[in-house]
Every structure is written in structure tokens, then in C-alpha cells.
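Residue numbers count from 1 along this sequence.
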Amino acid sequence: MPKPRAWQKMLSGRRLDLLDPTPVDIEIEDIAHGLAFVARWNGQTLGDFAYSVAEHSLLVEQIFARIAPKAPPKWRLAALLHDAPEYVIGDMISPVKAAVGPDYDELDRRLTAAIHIRFGLPAAIPLAIKKQIKKADKVSAWMEATQIAGFERAEADKFFGCPDPTLMEGLSLRLRPPMQARADYTARTAELLAAMS
């Protein structure tokens, strides 16, 4: 019996095997395009445009820089790419991930490793950096929950923790056309890659 098809044709022309991804099949243009069209919160947000994973990732990288101001560009890139696998597997909300189980986590892990290697990062980043990125991710989620996803502050505090206000000072959520988010995500990746070389 033949195996089911597990690859996706990307706009770059690459064929990405979701079960066995390789770094050579990963292009930042594909990631940026996909993430710009993936809606956070299953699209259940206020505004004329969905809040995309690309926008979220740009914000997480900014917050991470405040948490770890001396972090080298490679870890800022890791923060920007923290949800990169979602360009092909989508952004599942936490309750759905829990229902799907460990298979989702394994798929995410494989894609993350291939993406990291493609852009000069270790397949698995150090735990201390991963924790700082997760903290930035939770601050971003709190901002999104309270500003565009209909959560009361107390409810957001319960699920995402009560963030340090200085980490959010001067930052705002951007709801805009996907093409603008795609361009900014691609440009920021290029800046960080240039700073790494």
C-alpha cells in the first residue's frame, strides 16, 4: 500500500516533506508568506484584518530583545522564527494541540529543527533562551488577548500571567494587510541574518 502524500508544494517551487523536512527545502519567502496568512486566535479577533502569526512573531522578537537585551542576533532570529513551522501546519490554539497530542509536537519539532539549521541556528536552542522566548510569547499573547481577542485582564492574567508593563511600553499590535506583514517579516529576517554574518 503506498504511503499517503506528506509533502506540500511551496510557492518557491520547493517540495517540503512534512514528515521528513530538510533545510534545503525551506525558504524564508515561503515562511513569511505562509505566516502572513495564518490567523492567530483562529481569526477570532477584532479589526478589519486577521492578526497574523507574522505580526505576532515580529512582536515576540521585540519583546524578547527587551527581556534579553544583550542576546546576540542569532537568538533574536530564533525568537522571530519561534512559530515558523506554522507556515505549513497552521496555528492551532492550545486546546486543539492538547487534543491532537504528541504527534503535533513531534511534527513541530522536526520542522523547527530543519528551519533552524537552514538559517544557521542549532536544531534545538538552549533551554535558557527557549524560556526567554516563551516568556516573550506569553507577553505577546496577553497583549493580544486583552486588546483584540476579547479577554478581560483577569482572565488573561490567569492564562498568560501578569506581564511586566515595561516589556510592553510603547509596543502596539498591528492589524494590516498580509502583504505588509510578509514584507516586514522578510526584511527583519534579512537584517538579523546580516547581523549574524
Side-chain angles (χ1 to χ4, degrees), residues 28 31-32 35-36 38-47 49-87 91-95 97-98 105 108 112 115-116 119 121-122 124-176 178 180-196:
I28 195 59
I31 293 172
L35 294 183
V38 174
R40 293 268 295 165
W41 306 93
N42 279 346
Q44 299 301 303
T45 53
L46 301 172
F49 296 100
Y51 186 69
S52 73
V53 175
E55 294 286 9
H56 164 77
S57 298
L58 288 161
L59 181 60
V60 167
E61 191 251 329
Q62 288 183 292
I63 297 168
F64 171 78
R66 292 177 177 199
I67 292 169
K70 294 183 180 180
K74 69 179 180 179
W75 300 139
R76 290 188 69 166
L77 179 61
L80 183 65
L81 294 170
H82 79 284
D83 279 339
E86 295 178 7
Y87 85 108
D91 180 30
M92 282 195 222
I93 59 173
S94 296
K97 287 179 186 175
D105 291 336
D108 183 79
T112 297
I115 291 164
H116 282 181
F119 297 109
L121 299 172
I125 61 174
L127 185 58
I129 300 299
K130 195 171 184 175
K131 285 182 178 179
Q132 290 173 321
I133 293 171
K134 188 63 182 172
K135 181 177 179 180
D137 193 30
K138 284 191 168 190
V139 172
S140 178
W142 187 93
M143 290 175 67
E144 295 162 24
T146 57
Q147 293 179 35
I148 59 172
F151 283 61
E152 296 295 330
R153 290 178 66 107
E155 189 178 20
D157 290 350
K158 177 182 170 186
F159 289 111
F160 309 110
C162 185
D164 176 351
T166 62
L167 295 176
M168 302 178 287
E169 192 174 329
L171 298 177
S172 61
L173 303 183
R174 301 177 78 183
L175 300 168
R176 56 198 179 131
Q180 291 176 8
R182 179 183 71 183
D184 283 356
Y185 189 95
T186 304
R188 185 60 185 145
T189 303
E191 290 169 1
L192 292 168
L193 287 170
M196 287 168 58

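The closest donor-acceptor contact from the side chain of N42 to the backbone of Q44 lies at 3.5 Å or more, if one exists at all.
Closest non-hydrogen pair, A36 versus S52, comes out as O-CB, 3.4 Å. Residues A79 and H82 share a closest heavy-atom pair of O-ND1, 2.7 Å. Closest heavy-atom contact between R153 and T146: CA-CG2, 4.1 Å. In terms of heavy-atom proximity, A136 sits nearest to F64 at CB-N, 3.6 Å. Taking each heavy atom of W41 and D91 in turn, the nearest pair found is N-OD2, 4.0 Å. For L167 against L171, the heavy-atom pair with the smallest separation is O-CD1, 3.4 Å.
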- Task: Go through the steps for L59 and H56 under the test side-chain contact (heavy atoms from CB on, under 4.5 Å), then give the verdict.
- Result: CA-CA 5 Å; L59 181 60; H56 164 77; 5.8 Å; no

- Test log, rule side-chain contact (heavy atoms from CB on, under 4.5 Å), inputs L80 and L58: CA-CA 6 Å; L80 183 65; L58 288 161; 3.9 Å; yes

- Item | Check against side-chain contact (heavy atoms from CB on, under 4.5 Å), H116 and K74 | CA-CA 10 Å; H116 282 181; K74 69 179 180 179; over 6 Å; no

- Message: Using side-chain contact (heavy atoms from CB on, under 4.5 Å), reason through L173 and R40 one step at a time and then give a plain yes or no.
- Response: CA-CA 12 Å; L173 303 183; R40 293 268 295 165; over 6 Å; no

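Comment: E191 engages R188 in a salt bridge, judged by a side-chain N to carboxylate O separation of less than 4.0 angstrom. A salt bridge links E55 with R176; the closest basic N to acidic carboxylate O contact falls under 4.0 Å. Between D184 and R174 there is a salt bridge, with a side-chain nitrogen of the basic residue lying less than 4.0 Å from a carboxylate oxygen of the acidic one.
Atom CG of L81 is separated from atom CD1 of I31 by 6.0 Å, given to the nearest 0.5 angstrom. A distance of 6.5 Å separates CZ of F151 from CZ of F159, quoted to the nearest 0.5 Å. L175 contributes atom CG, which lies 8.5 Å from atom CG of L46 (distance to the nearest 0.5 angstrom). If you take OH on Y51 and CE on M143, they are separated by 7.0 Å, rounding to the nearest 0.5 Å. For the atom pair CG (L192) and CZ (R76), the distance works out to 6.5 Å, reported to the nearest 0.5 Å. Note that CG of D108 is 7.0 Å distant from CD of E86, once rounded to the nearest 0.5 Å.
Looking at S57 and E61, their side chains never bring a donor and an acceptor atom within 3.5 Å of each other. Looking at W142 and D157, their side chains do bring a donor and an acceptor atom within 3.5 Å of each other.
Between I133 and I125 there is a side-chain heavy-atom pair separated by less than 4.5 Å.
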